[in-house]
Chemist: 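Sharing a structure, written as structure tokens. Questions coming.
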Amino acid sequence: MSRRETWTVFAASLAVYLGVGLTLSLRYGYLLGDALARTSAAQAVLFSRDPHVSAIGYIFTPLTALAQLPLVAFSSWLPAITRWNISAIAVSALFMAGATVMIYGICRDRGLTKPYSSIIAAVFALNPMIVFFGANGMSEAPFLFFACWAARRLIRWVHTDDVHDLVFAGIALALAYLTRYDAVAAIAATTFLVAGVTVMRQGRAKWRTMRRRALLDAVLVAGPGFSAFVVWTATSWLITGEALAQLSSNYGNAAILEQSGGGATGTLLGNTAFVVTAIVVLGPTLLIAGPVAAVLAHRRRDLEFLVAPVMFGSVLAFQAFSYITGSTFGFLRFYICAIPLAAIVVVQIFAPQGNPETRRTGKFHRSRSEHATAKTGVSAALVALSVGGMMVTGWAMLQPSLSAQQYALRYLFDENPSADADALAARRIIDSFSTERELAAYLDSQNLPEGSILVDTVYGFAVVAASSRPDQFVVPSDQDFTTILNDPAAAGVQYLLTVPNSGRGESDAINRRYPSIYDNGALEFSFVFEAPNDGADQPDWRLYEV
Amino acid sequence: MSRPRVGEESEEFRAAALDDAVNGLARRHPLASAAVAFVPWQKYTAISVAALIAISAVLAPLPTLITLTVICILGYTAMMIDRLLIFSRGLDASAIVTVTDEQARAVPDRDLPCYTILVPAYNEPEVVGDLIAAMTSLDYPADKLQVLLLLEEDDDVTIEAAKNSGVGDVVDIVLVPAGDPRTKPKACNYGLHFATGSIVTIFDAEDLPERLQLRRVVAAFASLPETVACIQAKLAFHNGSQNLLTGWFTADYALWFGYLLPGLMRSASPIPLGGTSNHLRRDVIEEVGAWDGFNVTEDADLGVRIAASGYSTAVLDSTTLEEANSDPINWVRQRSRWYKGYLQTWLVHMRRPRETFRALGPVGTYRFTLLLAGTPITACINMIFWFTTAAWILGQPDLIAALFPPYIYYLSLVSLIFGNIATIYMYLIASRESDNAYLLVPSLTMPLYWVMMSVAAIKGCWQLIRNPSYWEKTFHGLSVPGSTKETIDEPAS
């Protein structure tokens with residue numbers, strides 16, 4: 001695979017994702033909360049009134065937010081970068097373009113010709129779910145890039161036994177962990193896979209002699225991920241006192257789940273049905289291509305086939321298990337791994353041609369045996385299948401029952417919205433954070449001194465991100481936040497931005513300190529105004545004066 | 001100088017050869033010898049810098065400490081980045097020079113050049129007999145191979161053992177006249193006067209070179225450019241699984257010879273030679289001045305001198321098996337000598353910094369400093385930083401917080417965590433690729449090895465100032481079951 005091919009695929013995909021992302025954000029104002037929250041965290045590292053790196057936060061792993069730092073650095077000259085989430089969009093676009101390059105690379109490693117590789121990569125890249133998540137700044141994009149990179153390297157390693165492939169797979173998995181902690185499942189599963197493949201390198205009879213080497217290979221692939229886990233957990237513990245903040249913190253997953261009314265509410269069977277449906281609509285080709293590829297791989301004695309199901313399948317299984325047992329939300333995006341899985345499984349149906357170039361062929365490398373190339377009819381059928389799958393995904397994304405966060409896209413181009421419930425709800429979703437932007441504009445226009453407004457970032461991240469003067473806010477990442485919260489007047493705070501003390505608002509620090517502040521200013525602070533929110537799941541803000 | 005047959009040399013010849021062995025290099029290239037460890041300007045510079053630091057420490061303690069910390073961290077980071085770069089270059093299969101068995105055997109015997117093997121030995125009665133097996137197993141025509149066993153003339157135990165083992169039938173025993181400094185390079189220089197080969201190499205008495213190594217070297221020299229003056233073979237240990245220390249040492253060598261040296265070969269850098277299995281072109285080493293009798297790591301010194309003279313060294317994929325030190329005290333002595341020698345070598349070649357800069361180029365000089373000065377110095381300083389880190393984790397005292405302002409804190413954190421993990425990972429990779437999966441535990445426990453290295457470095461630096469040319473003798477034969485180890489005090493030079 002030449003450099004020219006890589007850059008062409010990358011540039012083309014990047015253009016698509018950036019184009020879509022900037023349109024959604026600048027033209028329609030459609031931003032996603034989790035992405036905007038990360039942008040706000042990155043902004044806090046550089047421009048809050050107490051800039052420090054640990055403002056990045058320890059609830060979720062930091063890579064997506066850290067990746068935005070270079071762009072966020074320019075936001076003091078161009079506030080639009082954070083207000084319209086441009087830094088996040090740029091990051092997700094870059095990474096999703098990278099994921100496309102990896103899928104293209106997997107095709108080329110398999111020996112597919114340029115035209116077929118381009119088609120399969122295009123079907124992946126233009127998948128509506130992939131386009132949306134390349135465009136919206138969420139952490140799915142970097143995660144998919146690292147997972148696809150790891151998958152590509154491991155598929156190569158199965159035949160080359162090249163230590164470079166093993167090492168880069170390990171590093172990719174570690175970076176995937178630093179992006180989303182679901183990667184823990186992938187790391188565990190691939191470790192067993194690698195150990196299993198190595199132990200069988202000299203055949204079943206000699207497995208005992210290969211035990212040590214299998215252990216070493218397992219350590220090589222799991223080492224970086226394990227180190228990342230230990231370092232991240234230790235850092236989190238040293239700085240915040242909580243080792244696994246995503247689980248235990250008041251802002252963490254378990255707390256969010258409880259405050260939002262829980263994840264899975266149905267029966268075990270009902271939840272399982274949702275999970276299976278989600279996976280099927282995201283990767284419908286799996287239903288046909290999966291069994292076919294499995295049979296062919298068995299006939300060809302091709303271990304490469306195992307990599308993608310193990311890696312992506314473990315993440316899907318982890319998400320499925322979490323949802324069914326009620327410890328996570330039923331979001332379609334959690335099953336996004338089904339899309340690259342489906343793409344790679346399709347690639348595995350084609351017979352392998354040739355061998356990829358290696359920098360250091362391993363001791364147990366095996367040349368792939370030559371097979372006949374697939375007939376044109378078969379290839380065309382697979383392409384048609386994949387395109388069909390893409391359309392199924394697109395349709396699923398617009399169904400409210402399946403796609404609670406994305407279905408609003410259907411109403412994006414609706415100039416004259418109808419009055420039915422779904423349309424109204426969608427309108428509210430699209431308008432999310434518009435109120436927060438107006439609030440930020442109002443506060444900016446007051447030309448307040450530094451540290452004048454106390455706000456928690458549970459909901460307040462959107463206001464801070466939209467403001468061109470983030471230092472006017474006092475936020476929880478400031479190291480003196482608690483002191484100021486206890487006596488705002490003494491610290492020179494003039495205003496408190498409050499949210500209702502219900503649902504997720506219960507975790508808001510201001511509410512926990514002054515439980516009745518939203519209702520009556522805790523009998524200390526005077527009411528200034530209320531800003532009813534146009535967005536969905538966003539609170540009606542009330543400003544109180546100190 | 002005409003070369004007499006071994007055993008037939010005259011007294012005058014012996015005296016002249018001895019004198020040349022000790023003082024030859026100093027005579028021809030006065031500043032190239034470590035006979036004097038520090039030249040005056042280096043001494044004055046060192047004292048002035050020390051005084052400056054002392055004064056600033058009194059006047060402005062915190063800024064001084066911060067400055068020193070920043071310098072150290074930048075040094076660490078530079079070394080870490082360079083090591084990763086060199087490792088990634090060396091990991092390529094094409095980095096090392098490979099000669100297949102067919103290519104090695106392709107040269108007919110009559111076209112092979114004369115070869116001289118120098119085997120310096122001192123006080124090693126227990127291993128001198130092993131030499132027979134090692135030399136007879138070498139695949140090279142006997143009439144073109146000259147093996148010189150270099151023994152000090154007053155080393156009665158070894159001479160006796162040599163006679164009894166019958167090694168004299170296979171090799172020529174050269175008796176080096178007694179005299180100080182009593183070092184391996186002096187003996188080799190002396191032996192060179194008897195050498196008839198156009199390729200010269202050194203082996204230790206207990207080494208087990210790979211059978212076709214000499215033939216591979218000949219083939220490699222033929223295919224490499226004229227400027228390649230030396231071919232270094234890989235060194236490895238046969239007793240790696242004896243204990244944890246030998247495991248660490250084996251992993252250490254596996255990384256160094258397998259991946260770092262080939263990587264250095266691919267980068268602009270002088271290559272510090274290994275103690276044995278360095279195959280040198282006779283004409284070139286006579287031109288650059290052979291070995292420095294006063295330098296305790298004469299191999300590293302020669303490697304730098306080769307590069308500074310415009311020649312280069314290549315690394316060959318052929319392994320000589322040695323015995324790893326299995327005793328911690330012995331290991332520390334050996335390693336402290338190496339660190340002392342690295343610093344000696346650096347000081348010698350920095351006597352005329354501008355010349356060295358011109359000869360090696362900016363990148364070469366940078367790497368040379370990082371490798372030869374950086375390795376021992378950082379090993380020493382490590383001890384201080386380990387204590388600092390421990391104190392920080394245990395109590396987070398304010399002094400340490402003050403020593404690491406934000407701009408240096410994150411850099412040092414990254415270099416500490418990432419650097420250490422990356423280094424251990426490199427050892428794991430080297431273990432896998434050298435087919436030594438049993439080195440998994442030693443690789444993972446490397447930090448303890450680094451503690452030992454730090455102890456050795458502190459000892460070496462101290463000795464550099466007090467007793468530069470003192471040669472800490474390494475005891476061999478410790479892997480032979482039932483051998484007795486006697487601690488013999490080496491007389492100072």
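So you know, we letter chains A, B, ... as the sequences are listed, proteins then strands, and number each from 1. Model, not experiment: these values are computed from the prediction.
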Chemist: With a 4.5 angstrom heavy-atom cut-off, is it the side chain or the backbone of V163(A) that approaches chain B, or both, or neither?
Modeler: both
Chemist: Which heavy-atom pair separates D92(B) from R359(A) by the least distance, and what is that distance?
Modeler: OD1-NE, 2.6 Å
Chemist: If you count heavy-atom pairs under 4.5 Å with chain B, which of T361(A), D217(A), D162(A) comes out on top?
Modeler: D217(A)
Chemist: Where do S139(A) and T179(A) come nearest, in terms of heavy atoms and distance?
Modeler: O-CG2, 3.6 Å
Chemist: Which heavy-atom pair separates I96(B) from M265(B) by the least distance, and what is that distance?
Modeler: CA-CE, 4.1 Å
Chemist: For the pair R211(B) and D101(B), find out whether any cationic side-chain nitrogen is under 4.0 Å from an anionic carboxylate oxygen.
Modeler: no
Chemist: Start with the C-alpha gap between D165(A) and R153(A), add the side-chain angles, then the distance that decides, and say whether salt bridge (charged side-chain N to carboxylate O under 4.0 Å, His left out) holds.
Modeler: CA-CA 5 Å; D165(A) 290 329; R153(A) 282 291 180 167; 2.5 Å; yes
Chemist: Using a 4.5 angstrom heavy-atom cutoff, name the option from L413(B), I417(B), I429(B) with the most pairs to chain A.
Modeler: I429(B)
Chemist: Between F249(B) and Y449(B), how do the two ring planes meet: parallel, tilted or perpendicular, split at 30° and 60°?
Modeler: tilted
Chemist: Is any NZ, NE, NH1 or NH2 atom of the basic residue among D435(B) and R213(A) found under 4.0 Å from an Asp or Glu carboxylate oxygen of the other?
Modeler: yes
Chemist: Quick check for you: among A93(B), S443(B), S431(B), which has the greatest number of heavy-atom pairs under 4.5 Å with chain A?
Modeler: A93(B)
Chemist: For Y181(A) and F229(A): C-alpha separation, side-chain torsions, deciding distance, then whether ring pair (Phe, Tyr, Trp, His ring centres under 6.0 Å) applies.
Modeler: CA-CA 9 Å; Y181(A) 58 84; F229(A) 174 78; 10.0 Å; no
Chemist: Which residue out of G362(A), G170(A), P224(A), A214(A) racks up the most heavy-atom pairs below 4.5 Å with chain B?
Modeler: P224(A)
Chemist: Quick check: under 4.5 Å, non-hydrogen atoms only, which of residues 418-428 of chain B neighbour chain A?
Modeler: I421(B), Y425(B), L428(B)
